[in-house]
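Some notes on the structure that comes next.
Letters go in sequence order (proteins before strands), and every chain restarts at 1.
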Amino acid sequence: MSLIPRPASFASAANPSPTETAASPEASPLSGSHPVAANAGGANTSGGASTPLKIETRRMNFFYGSHQALFDINLRIPERAVTALIGPSGCGKSTYLRALNRMNDIIEGTRHTGDVLLDSHDIYAPNIDVVALRKRVGMVFQKSTPFPKSIFENVAYGMRIAGIRNRTFIQETVERCLQQSALWNEVKDRLKDSAMALSGGQQQRLCIARALATNPEVLLMDEPASALDPASTARIEDLIIELKQNYTIVIVTHNMQQAARISEFTAFFCQGRLVEVGLTKQLFFKPREKETEDYITGRFG
Amino acid sequence: MSETPTPRRPLSPLPEKPPIPTTSPTTFVGGGLVEESFDLALARRHRNGRIFEWVCWLATWGSVLILGVLIAAMAWQAFGWLTPKFLVSMPKRNPAEAGILPGIVGTFWLILLTAILSVPLGVGAAIYLEEYAKPTLLTRFIQLNIANLAGVPSIVYGILGFTAFVRMFGLARSEYLISFGIGTFQLTLPFGRTVISGALTLALLSLPVVIIASQEALRSVPPSLRHASLALGATKWQTIRYQIIPSALPGMMTGVILAMSRAIGETAPLVAIGAATYITFTPGRIGSLSEVVTRPDKLAQVPFDSFTTIPMQIYGWINEAKPDFQHVAAAAILVLLAILLISNGLAIYIRQHFQKKIRW
Amino acid sequence: MTADDRQSPNDPPLASSHGSAASDLVYRFTWQRLRENFIQFTLFMCALLSVLTTLAIIFVLVSEAVFGIPPERAFFQEISLSQFFLETRWAPQYSPAFFGIWPLVCGTFLIAAIAGLIGLPTGLLSAIYLSEYASPRVRSIAKPTLELLAGVPTVVYGYFGLRIVTPYFIRPMLRPADVFGIDWLWNIPVDGFNALSGGIVVGLMIIPTVCSLSEDVLRAVPRTLREAGYALGSTKFDVCVRVVVPSALSGIIAAFLLAISRAVGETMAVTIAAGQKPTLTLNPLSQIETMTAYVVNVMSGDTPVGTIEYKSLYAVALVLFLTTLVMNLISQMVLARYREVYQ
């Protein structure tokens, strides 16, 4: 059992955003080419800014029993940016997302080939502790999943299982995470109430706060706003834009406007294949592939 | 696939990134305390997890083992006492000669009558509740009532049976003699401590179990089947009779068999209605299998005759003073367990078999 | 409709089918409809029978225990409630007789407590094993086997408690002198009939009940909650103990209540193994009598109908019935609410 070494020090609020990083002399590890664009054969790097790499999948195939769900996925996900995964239903984007923190391990009969690297360490290596991995790669689901406990206990969950007993620390962290997820003002007077009593949008923000409290480096979001009303969706989107200063965010979304609004990079999946990936602006306004164009113009999917 | 796959290269760590300065006063998440604690606790948590899984494993297989211990203990106690003669003998004062024939025959008649009484009523009630009843207050009350009846202690049913069937609330005794060509049939009111009293009591006792099991079976029939049948112009009853009951039959049979095997083992209500523990004849005094056909008068007398069952005989022997009767009791227990094992096994077989076969 | 068609064979087919269809749609008397209604009514009667059973039980118990049908006098018309609930002796055969329910309640409580201590944790842990850890194949073997444990008749458990558990498990542990010839260790007296053996076998008996009910409620916890737990860096243990079990807590409590109610109502095993001597004690090694055992005791004896001793069994049965009824009702309501939460 070993842990993937963490980056020496983790982000701070003052940390430069990805676009600023691009200007810094600290070059991309991948020989100057854009980390995301590089996947797509490096054909078009125009407008690409280079950022440090957080997650990389190389030639990944994924199977549910005998059914192959993902085919040869090569994707690089930059640090402290929002990467959106779009594509029609059943295209494998959720499967891909769940492979990034080995959530698929829970489902029996799944297997994969190829490499999934977090900070350039293979997360499927035999010596990886999947519990430690998931602590570092948090996840927010489509359906809000508050535990039937109090609001406070929901956020404190990650610290409790980590064995933290320092009550002041827990209280401070809960408050800060609720503030980060823009929920604090709504719930600060009823932290002891059941989390099930919150509205759908509040529950989803609570789930984000709960994920933040374990201090992850990557946040995977599986259509986090698809079950919410427009107002709640807007709040979640604002929140995601806030969070990308500190976290690497990978988000699956059905909503292309949403992807355009919040993400720097977008990857388009179709039928288990990664069709195109690049800067969001570029992919939406000048898609290289016909399939992508058809999808984003609403001709299918 | 549109992209050119990146050539596979050996995994090598990326060049060390320069540390990102943590200048902000609101450095997020307190100085790595979570990490530190998490790393320290991880090994302990994995160990606890393994211990917990082991304890859960032990609880499950320990319980299964107890079943084995129980059967083994009975076999040990009964060793040498369970002979073919034991199965076909009447009970005797001498433990070595005692047998459980009246118990076996009595159990057979009792359960047969119980099933005849409770299965149609139980299945009927289940069909009403699942197919006809609208979600009114009355329906909910009936449903809650059934669930509660299933939890009423069996001895309370025994008291009900004793008062309502054995004594008939203190009804004065009256006898009716009906002459057959070959014999007479005697009906006595109140029923007294007879097979019919026992069967009525056990029928009431197993009714909630039969209803609940049948309801579950009916609920597993997909609504599409109902809709399809109704759309073809079948009436409600035709739909139930020709589509739903056949589909739910395996589940119902499993439930009925399980309910009846529970009734086979019931002792407390029979003690309460005063079934005999020591009796040297079989109900109706039927002496051989052929008499079931040749002597309808005796057959008609069966429900209105005294009886004992295997559990009642076991209870009687347990209370005997002579130590050897304990071995006789153990031998009877083995017979009872064998019967139950067969019927339970049959029920489980039907369930597993049809579960595999029918896939909606 | 076929009859209509036959009567007007020369009509244009369209008009014919139209006309007959329209007349068919009108609600009118048919034998078939009468049959349908009759069947529905019969089935309704079957369902109503269960309500009648409950009413009959209540009528029988109340008429002998609380309000006698004149000229009969019921138990509580002869024995005051204060004696029933304040007296600490239960001795119906003495003269004067004592009818204080507490020794019987105490015996019942003792059995239920021991059975709960053994059966509830074991049942819950095995439910967790079956729902969270076991592979489908293991579950398909273990579940039916546990059901067999539930199918063993109570009289068999009674024999097991009296003839196996007491002499071969309890005695050797508490009186090593008798078995191993070691006389310098403790030597705790154990009655031949004792509450411990009765409680143990009742505990074994309720394991399958607890297990199967708890497994149902654990499996009803949505998979998304488990996944959310894992995504926060939980081990399987964390997910079981901190997510699944707390989420299913109300359902588990309902299962526990139902199992305890079964232990309270359990009759033959405790009659055989725990004895028939009403004792106000919490010592699990002494002989006791539960409410159910008292009922069996009176009914299997030759107590004449109409005596106060005979009527006392209805009073005891009424207490027993109400106790289990309340526990079952609470359990049903908790379960109903639990199902609502996750559906």
Side-chain angles (χ1 to χ4, degrees), chain B residues 45-46 48-49 52-53 55-57 59-60 63-64 66-67 70 73 77 121 124-125 127-129 132 142 144-149 151-156 159-160 162-164 204 207-208 211 235-237 261-262 265 267-268 271-272 274 311 314-315 318 326 329 333 336-337 340 344 348, chain C residues 32 36 39-40 42-44 46-47 49-51 53-54 56-57 60 122 125-126 128-130 133 142 144-149 151-156 158-160 162-164 204 207 235-238 258 261 265 267-268 272 292 295-296 299-300 305 314 317 320-321 324-325 328-329 332:
Chain B
R45 288 166 59 202
H46 279 300
N48 287 350
F52 181 72
E53 181 176 357
V55 169
C56 290
W57 182 90
T60 310
S63 309
V64 171
I66 284 165
L67 184 68
L70 194 135
Q77 287 280 302
L121 290 172
I127 291 173
Y128 177 78
L129 289 170
Y132 287 98
I142 293 177
L144 183 69
N145 180 57
I146 290 169
N148 276 313
L149 274 183
V152 170
S154 57
I155 186 75
V156 174
I159 292 175
L160 172 68
F162 178 70
T163 316
L204 290 185
L207 202 54
I211 295 176
T235 64
K236 190 140 194 165
W237 174 246
S261 10
R262 202 194 271 184
T267 323
V271 173
I314 294 169
Y315 180 55
I318 289 174
Q326 300 312 318
I333 284 175
L336 182 61
L337 286 181
L340 292 178
N344 274 308
I348 291 167
Chain C
Q32 190 179 44
E36 291 278 319
I39 287 166
Q40 179 169 356
T42 313
L43 295 176
F44 174 68
C46 294
L49 185 68
S50 70
V51 179
T53 311
T54 309
I57 290 175
V60 165
T122 316
L125 287 172
S126 53
I128 292 174
Y129 178 75
L130 289 180
Y133 288 99
T145 321
L146 282 176
E147 277 172 37
L148 287 183
L149 197 63
V152 174
T154 62
V155 67
V156 176
Y159 182 95
F160 188 66
L162 181 67
R163 298 289 158 194
I164 308 291
L204 299 181
I207 289 175
T235 60
K236 195 153 198 170
F237 170 69
D238 296 324
L258 219 57
S261 133
T267 310
M268 293 321 287
I272 295 169
T292 49
V295 174
V296 166
M299 297 207 96
S300 57
V305 170
Y314 287 89
L320 178 69
F321 176 71
T324 52
L325 183 73
N328 288 342
L329 272 176
Q332 295 299 333

**Study point:** Flag side-chain contact, heavy atom, 4.5 Å: C:Thr235 against B:Asn48
**Key:** no
Check your understanding: Shortest non-hydrogen contact from B:Leu149 to C:Ser50?
Key -> CD1-O, 3.3 Å
Practice item. Would you mind reporting whether B:Phe52 and C:Leu125 have side-chain heavy atoms less than 4.5 Å apart? Key: yes
**Study point:** chain B contact via C:Ile207 - side chain, backbone, both or neither, heavy atoms under 4.5 Å
**Key:** side chain
**Study point:** Point-to-point distance, once rounded to the nearest 0.5 Å, from CD of C:Gln332 to CD1 of B:Ile146
**Key:** 11.0 Å
Practice item. Give, as side chain, backbone, both or neither, the part of B:Leu121 having an atom under 4.5 angstrom from any heavy atom of chain C. Key: both
**Study point:** Over 12 foreign heavy atoms within 6.0 Å of CZ, B:Arg262
**Key:** no
Review point. How far apart are the closest heavy atoms of C:Cys46 and B:Gly124, and which atoms are they?
Key: CB-C, 3.9 Å
Review point. In terms of side-chain heavy atoms, does B:Thr60 have a donor or acceptor partner in C:Tyr133 at a distance below 3.5 Å?
Key: no
Point to revise | C:Leu149, part contacting chain B, at a heavy-atom distance under 4.5 Å | key: both
Check your understanding: Atom CG of C:Leu146 and atom CG of B:Leu67: how far apart are they, to the nearest 0.5 Å?
Key -> 8.5 Å
Revision key, fill the gap. Note: vs chain C, highest number of non-hydrogen pairs under 4.5 angstrom among B:Pro311, B:Pro153, B:Cys56, B:Ala125 is B:Cys56
Revision key, fill the gap. Cut-off 4.5 Å, heavy atoms of chain C, and the answer for B:Ile318 is both
Exercise for review: Could you check which of C:Thr292, C:Leu130, C:Thr122 has the highest count of heavy-atom pairs closer than 4.5 Å to chain B?
Suggested key: C:Thr122
**Study point:** Shortest non-hydrogen contact from B:Val156 toward C:Ile57
**Key:** CG1-CG2, 3.7 Å
Review point. With respect to chain C, which residue among B:Val271, B:Asn344, B:Asn148 yields the maximal number of heavy-atom pairs within a distance under 4.5 Å?
Key: B:Asn148
**Study point:** Note, B:Leu340 side chain near C:Val152 side chain (heavy atom, < 4.5 Å)
**Key:** no
Practice item. Answer whether the closest heavy-atom distance between the side chains of C:Tyr314 and B:Thr163 falls below 4.5 Å. Key: yes
Revision key, fill the gap. Whatever's closer than 4.5 Å to a heavy atom in chain B on C:Ile272 counts as side chain
Practice item. Determine the option with the most heavy-atom pairs under 4.5 angstrom with chain B, choosing from C:Glu147, C:Met268, C:Gln32, C:Lys236. Key: C:Met268
Practice item. Provide the closest heavy-atom pair for B:Tyr132 versus C:Gln40 in the form atom of the first, atom of the second, distance. Key: CD2-CD, 3.4 Å
Study note, to complete from the structure: Comparing B:Leu337, B:Ile66, B:Leu70 against chain C, the one with the most heavy-atom pairs below 4.5 Å turns out to be B:Leu70
Study note, to complete from the structure: In terms of heavy-atom contacts, B:Gly265 and C:Pro153 come closest through O-CB, 3.5 Å
Check your understanding: What is the distance from atom CZ of C:Phe237 to atom NE2 of B:His46, rounded to the nearest 0.5 Å?
Key -> 12.5 Å
Review point. Is any side-chain heavy atom of C:Thr53 closer than 4.5 Å to a side-chain heavy atom of B:Leu160?
Key: yes
Practice item. Look at B:Thr235, B:Leu336, B:Ile127, B:Ile348 and state which one has the largest set of heavy-atom pairs under 4.5 Å with chain C. Key: B:Thr235
Revision key, fill the gap. Here the pair of heavy atoms bringing C:Thr324 nearest to B:Gly151 is CB-O, 4.4 Å
Point to revise | Per-residue contact mode, B:Thr267 against chain C (heavy atom under 4.5 angstrom) | key: both
**Study point:** Interchain contact, B:Ala272 with chain C, by part (heavy-atom threshold 4.5 Å)
**Key:** both
Review point. Below 4.5 Å, heavy atoms only, C-beta onward: do B:Lys236 and C:Ile39 meet side chain to side chain?
Key: no
Practice item. Mind ranking C:Val305, C:Leu162, C:Thr154 by heavy-atom pairs under 4.5 Å with chain B and telling me who comes out on top? Key: C:Val305
Practice item. In sequence, state the C-alpha distance, the side-chain angles, and the governing distance for B:Ile155 and C:Leu320, and then conclude on side-chain contact (heavy atoms from CB on, under 4.5 Å). Key: CA-CA 10 Å; B:Ile155 186 75; C:Leu320 178 69; 3.8 Å; yes
Review point. What option among B:Val152, B:Leu207, B:Ile314, B:Leu129 has the most heavy-atom pairs under 4.5 Å with chain C?
Key: B:Val152
Exercise for review: Measure distances from C:Leu329 to the heavy atoms of chain B and classify the residue's part below 4.5 Å as side chain, backbone, both or neither.
Suggested key: both
Point to revise | Rounded distance (nearest 0.5 Å) linking atom OH of B:Tyr128 with atom CG of C:Leu49 | key: 14.0 Å
Revision key, fill the gap. dist B:Ile333:CD1 -> C:Tyr159:OH (nearest 0.5 Å) comes out at 6.0 Å
